Amino acid sequence: MGVGEGVELLLAPLTARRLLGLPLSELTNRAVDVGQLPGRWLHRLRGRLAETPGWPERFALLDGVLAARLAASPPVDARLDWAWRWLVSSGGQGSVGVLADELGWSRRHLASRFRQEVGLPPKMAARLLRFQRAYAVLTDVGPTAGAPVGADQPEVGAVDWATVATRYGYYDQSHLIRDFRQFAGATPAALLAARAPAG
C-alpha cells in the first residue's frame, strides 16, 4: 500500500450546483464517481492534478479551472442565492415561513425549489446549519462555552448543554441531542468525551 494524496473542496451548495452543472437533488445522499458527472471535466481535472508535480502548481491549476468553470456557468436564480445567504446569516435559526414571505413564494414552492437546486428542503438545510454551529462548540467549550478544549478541559458534565442548545437556536436540549445523534452519530457529551485528552 502506498501513500495517497488528495484535494478536498468544501463548497457552498449553490456554488457546487454551478460548478457541477446539475441540480444537487441528483446527487443527494449518493456517492457519485467523478467520471459520471456531466462533461467529465472533473475527471480530467483529477488526472491533471495527479500529473502536476507540486502543491503550489496544483492549487494554481485548481483555482484556474474552477474560476473558468464558474465564469462560464449560468448564475443560479438570484432569489435562491438570497434565500441561502439568509439561512446562513441566521445560523439556521430563521423561520422558513418568514423566508418564504420575504421571497413572495409559498412554503411549498420554496421547499420544491430548494430541494431541487440545493438538494435539501430549507428546513433540513436550516437544521444542518444549526448543527454545524453547535458542533463547532466542541472545539470551543468550557463551563461557560468559552474555554478551548485542552489540558485544562473541564469535566464533560460541566458543560451546560441546555445553554448551548438555546444559543444555537434549538428549542431545547433534547432537540440538540437528536440532531447530534442524527448528523454525528453520537450525543454532544459523547463526542466531547472522545475529544478530551487522556488522563
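Bear in mind that the values here come from a model prediction, so they are computed numbers and not experimental data.
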For residues [X] and [Y], report the shortest heavy-atom separation together with the two atoms involved.
X	Y	value
Leu19	Leu70	CD2-CG, 3.7 Å
Gly119	Thr28	O-OG1, 3.0 Å
Leu191	Ala184	CD1-CB, 3.7 Å
Arg115	Ser25	O-CB, 3.3 Å
Pro122	Ala111	CD-CA, 3.6 Å
Arg127	Phe183	NH2-CZ, 3.8 Å

In terms of hydrophobic clusters joined by side-chain contacts under 4.5 Å, are [X] and [Y] together?
X	Y	result
Val164	Leu128	yes
Val32	Trp41	yes
Leu120	Leu129	no
Met124	Leu14	no

Practice problem: For side-chain contact (heavy atoms from CB on, under 4.5 Å), just list the numbers for Leu9 and Leu66, CA-CA rounded to whole Å, side-chain angles, deciding distance to a tenth of an Å, and then say yes or no. | Solution: CA-CA 11 Å; Leu9 291 176; Leu66 295 180; 3.8 Å; yes

Exercise. Report the relative orientation of the aromatic rings in Tyr135 and Phe131; use parallel for angles under 30°, tilted for 30 to 60°, perpendicular for over 60°.
Key: tilted

Do the non-hydrogen side-chain atoms of [X] and [Y] ever get within less than 4.5 Å of each other?
X	Y	result
Leu24	Phe114	no
Trp86	Val98	yes
Val34	Leu45	no
Leu110	Trp105	yes
Phe59	Thr52	no

Self-check item: side-chain contact (heavy atoms from CB on, under 4.5 Å) between His175 and Arg130, worked out
Solution: CA-CA 11 Å; His175 285 87; Arg130 280 193 309 272; over 6 Å; no

Self-check item: Pairs satisfying side chain to side chain donor-acceptor pair (under 3.5 Å), at least one member in residues 68-85, at least two apart
Solution: Arg18-Ser73, Asp77-Arg79, Asp77-Arg113, Asp81-Arg85

Exercise. Kindly state each residue pair satisfying salt bridge (charged side-chain N to carboxylate O under 4.0 Å, His left out) with at least one member in residues 44-63, sequence neighbours excluded.
Key: Glu5-Arg58

Quiz prompt | Under 3.5 Å: donor-acceptor pair, side chain of Arg17, backbone of Glu117 | solution = no

From [X] [atom1] over to [Y] [atom2], what is the distance, rounded to the nearest 0.5 angstrom?
X	Y	atom1	atom2	result
Asp179	Gln132	CG	CD	12.5 Å
Tyr168	Leu176	OH	CG	10.5 Å
Leu20	Leu27	CG	CG	6.0 Å

Quiz prompt | Derivation and outcome, side-chain contact (heavy atoms from CB on, under 4.5 Å), residues Ile177 and Arg181 | solution = CA-CA 6 Å; Ile177 292 169; Arg181 282 191 173 130; 3.7 Å; yes

Quiz item: Which is it for Thr15 and Val76 under the side-chain contact (heavy atoms from CB on, under 4.5 Å) test, yes or no, and what are the steps along the way?
Solution: CA-CA 9 Å; Thr15 302; Val76 296; over 6 Å; no

